[in-house]
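Take a look at the structure set out below.
This one's a predicted model, so the numbers in the text were calculated from it and none came from an experiment. Naming: A, B, ... by sequence-line order, numbering from 1 per chain.
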4 protein chains.
Amino acid sequence: MTEKSRPLRADAARNRARVLQVAYETFAEEGAGVPIDEIARRAGVGAGTVYRHFPTKESLFQAIVADRLQQVVERAREQAAADPGEGLYAFLFHMAEQGATDLGLTEAFAGIGFDLAAALPDAEKEFTGMMAEILTQAQRAGTVRSDLDVADIKTLIVGLQAMRRFRGDSELMHRVYPVIRAGLAAPDASPDGATDASA
Amino acid sequence: MTEKSRPLRADAARNRARVLQVAYETFAEEGAGVPIDEIARRAGVGAGTVYRHFPTKESLFQAIVADRLQQVVERAREQAAADPGEGLYAFLFHMAEQGATDLGLTEAFAGIGFDLAAALPDAEKEFTGMMAEILTQAQRAGTVRSDLDVADIKTLIVGLQAMRRFRGDSELMHRVYPVIRAGLAAPDASPDGATDASA
Amino acid sequence: MTEKSRPLRADAARNRARVLQVAYETFAEEGAGVPIDEIARRAGVGAGTVYRHFPTKESLFQAIVADRLQQVVERAREQAAADPGEGLYAFLFHMAEQGATDLGLTEAFAGIGFDLAAALPDAEKEFTGMMAEILTQAQRAGTVRSDLDVADIKTLIVGLQAMRRFRGDSELMHRVYPVIRAGLAAPDASPDGATDASA
Amino acid sequence: MTEKSRPLRADAARNRARVLQVAYETFAEEGAGVPIDEIARRAGVGAGTVYRHFPTKESLFQAIVADRLQQVVERAREQAAADPGEGLYAFLFHMAEQGATDLGLTEAFAGIGFDLAAALPDAEKEFTGMMAEILTQAQRAGTVRSDLDVADIKTLIVGLQAMRRFRGDSELMHRVYPVIRAGLAAPDASPDGATDASA
DNA sequence: AATGAATGAGACTTCATTCAT
DNA sequence: GATGAATGAAGTCTCATTCAT
């Protein structure tokens, strides 16, 4: 998905990577509203260069999201391999971290003005598949209640990212994560879906 | 903060209220990007009339948020009075519902492009005070762990709103709320901030 | 078609007319490639004002064409009423004159980058209907051969406009029109469509 | 004007010819608005190569027109040699055909955004000279009225090309050409330049 | 010589805000 | 007070032309 047709000239590849990196940082800082001209300026190239590599703003956005998802997937698989019981938690917290600085990824993930499954079906499948794997591993290890599925995890990620943007890392880690973790580790809810009233 | 100087002519007051209502609905439906002209059109007034009552788009936005907060505060107090143990949960879920249809309020609340405490200090204080009250009542009733404070609740609201935007009401209610509720009802975390359970 | 809903405020109507006039002249001089900004500048208004009245460049173009067609139709009907035998010729020569200064109308008429029947079906029908009337009148008067139809007349207009743009009015009038007129007044071609070889 | 300085390397000459051919076809199909990049792509060369041979888009355009004129001149001379009485008609109809598919040539010829005599004086002279020859031959053969000159023929070509672009070949041939031909073959107009009455 | 990447001016269009009516 | 027209600063994107590879 990254390389197509010819392998791109060295200088072009450098520029493309630079634009991608700068765009990633800029979107992360400022959200999707940043003008392309601003990204071009920060990258030290002309606006036309950005458009040569990414014919629309949307496509630049997609390229960034695809790139980030790829990295996230790899990292999550490694961590789950090292510790299956903790893999899902590590992933959740990593995604939250991403959300802190990466408004663009968060918006994409939460489907704000961006339909991930439609725009990047392959990346989305890969991502969802990875989540299924590490969720299953955690459930087998007994660290996560067994009645949750991938859609629930996605939902929680959206929530965690929003929380992380709202609040500093350290506070979230010490005060809110424990709540979420306790909820995730709790025994399964009763069949009717209501909380099991230990409360 | 709502009434200033002289008490608006009757028709002007009517217009103001109408604009506020329409703007609330429109922002909720379409997000903050809607042109003022569109709001004016829907309200059946000229753009100039909107600007007479709200000198900037930002100020219109603030007025809406203040208005919504006021309503939310009243409702939450009533519910907590009726059932102190459930008041906080009712409030949380109500806020999540708001987030579903009220993109504007959510963004304001989550601090996206809007600093609530700076823009509307009085409303913010009122809102925070109310949350302190109902949190304390719930903790006294034993339905919420005692190591949580208002900032934690705010954080959870931000997360719940994001989750609710991401996922339908019914699914959230049956699959994710139980997790959050289990986490909130869990025994206090150990002093070092980690979850005490299996961890 | 000209007036819709409300009758437009006096100043707005003035501006609209001014923009239409300036745009007409500018397109006529420079063709359809002129930037809207240039038209706005010449009209002494902001670009936004042009867009308020004509939401796209295309729509401005259409408005001009519709306006011109309307005038042409009226004039042609008057002339044909005054002298049925000469009405068609007067119309043809008038259209050629228009083509001289009105690149925009010519392009629209010749269908260059503009589908008249699709864009302005009513105006197109009116225009075609008028041509049918004056052609029939001329044929009854015996000044035009009877085997020609409206499509042929349209074709000749396109040709005459192109010729008029290429060559000065006086020369065209004295040197080329006589050729066309002689051809139009010639006896009908033989049934197989070939010239009747008086040549 | 075609060859300058040293005689181009073989591959360069091949590239030049290929670009010229492709550019001709592309302009003919799409009009003068086509980006140079598109022409380069279709020719299978880099944009830089186009610019090496033709320093501006304008100069590429001129080279094409010169090339086409050359071919038209040759063909017309051959046909006039074969049949002097029909040579002019064959030429006229051939030019009209060209106009159908060759928007670039037509625009150049009609002087739309292009001054042929100024840009390509030699080609223009050659072209005009050829027209004088075949017009004289037709007039001697008695197939064309004797009061027409080369400028009139040029004018008619412009008109015919416009008509041909507007209408299909077959219809033009059977319905409009006869009119033009009848006009061209008609007896001379009276001295004052007006059409000689009903004739 | 060829390539195709980079440039940057400029086109169309939107919209928050001001102001004449 | 209300109206809605006017403004003009952006924003996205295109493309003729230049230049490093």
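When the P atom of F/dA16 is taken as reference, atom CD of D/Glu38 falls 11 Å away, rounded to whole Å. Rounding to whole angstrom units, CG of residue B/Asp37 and P of E/dT13 are separated by 18 Å. Rounded to whole Å, atom C1' of F/dG11 lies 13 Å from atom CZ of A/Phe27. Summarising the geometry, the separation between CZ on C/Arg52 and C1' on F/dA5 is reported as 5 Å, rounded to the nearest angstrom. What separates OH of C/Tyr51 from P of F/dA10 is a distance of 18 Å, to the nearest Å. For B/Leu60 and E/dC15, the CG to C1' distance is 15 Å, given to the nearest whole Å. The distance between atom CZ of D/Phe54 and atom P of F/dA16, rounded to the nearest whole Å, is 16 Å. In this structure, A/Arg41 places its CZ atom 13 Å from P of F/dA10, rounding to the nearest Å.
OP1 or OP2 of F/dA2 has at least one side-chain nitrogen or oxygen of B/Asn15 nearer than 4.0 Å. The side chain of C/Thr49 places no N or O atom within less than 4.0 Å of a non-bridging phosphate oxygen (OP1 or OP2) of F/dA5. Taking only side-chain nitrogens and oxygens, A/His53 comes nearer than 4.0 Å to OP1 or OP2 of E/dA6.
For the pair A/Val45/A/Val22, no side-chain contact is recorded, criterion being any heavy-atom separation below 4.5 Å from C-beta on. With contacts defined as side-chain heavy-atom distances shorter than 4.5 Å, the pair A/Asp37/A/Arg41 does not qualify.
Formation of a donor-acceptor pair under 3.5 Å by the A/Arg18 side chain with backbone atoms of A/Ala43 is found in this model. Judged purely by atom type and a 3.5 angstrom limit, A/Lys57 has no side-chain atom pairing as donor or acceptor with the backbone of A/Pro35.
The side chain of D/Ala47 lies closest to E/dG4 when the candidates are E/dG4, F/dA16, E/dA1. Set against E/dC12, F/dA2, F/dA5, the side chain of C/Lys57 has E/dC12 as its closest nucleotide. Among the nucleotides F/dG1, E/dC12, F/dA16, the one closest to the side chain of C/Ile36 is E/dC12.
Annotation: of the two residues near DNA chain E, C/Pro55 and D/Val50, the 5′-most nearest-nucleotide partner is D/Val50. Both B/Gly44 and D/Thr56 sit near DNA chain F, but only B/Gly44 has its closest nucleotide nearer the 5' end. Nearest-nucleotide mapping onto DNA chain F: of B/Asp11 and C/Gly48, the residue sitting toward the 5' end is B/Asp11.
Pairing partner, F/dA9: E/dT14, with both Watson-Crick or wobble hydrogen-bond distances short of 3.5 Å. In a base pair of the Watson-Crick type (N1 to N3 plus N6-O4 or O6-N4) or a G-U wobble (N1-O2 and O6-N3), with each distance short of 3.5 Å, E/dT21 is matched with F/dA2.
Residue-level contact check: C/Val34 touches the backbone only, with heavy atoms under 4.0 Å from sugar-phosphate atoms and none from bases.
Taking OG1 of B/Thr56 as the start and CD1 of B/Ile36 as the end, the distance is 8.5 Å to the nearest 0.5 Å.
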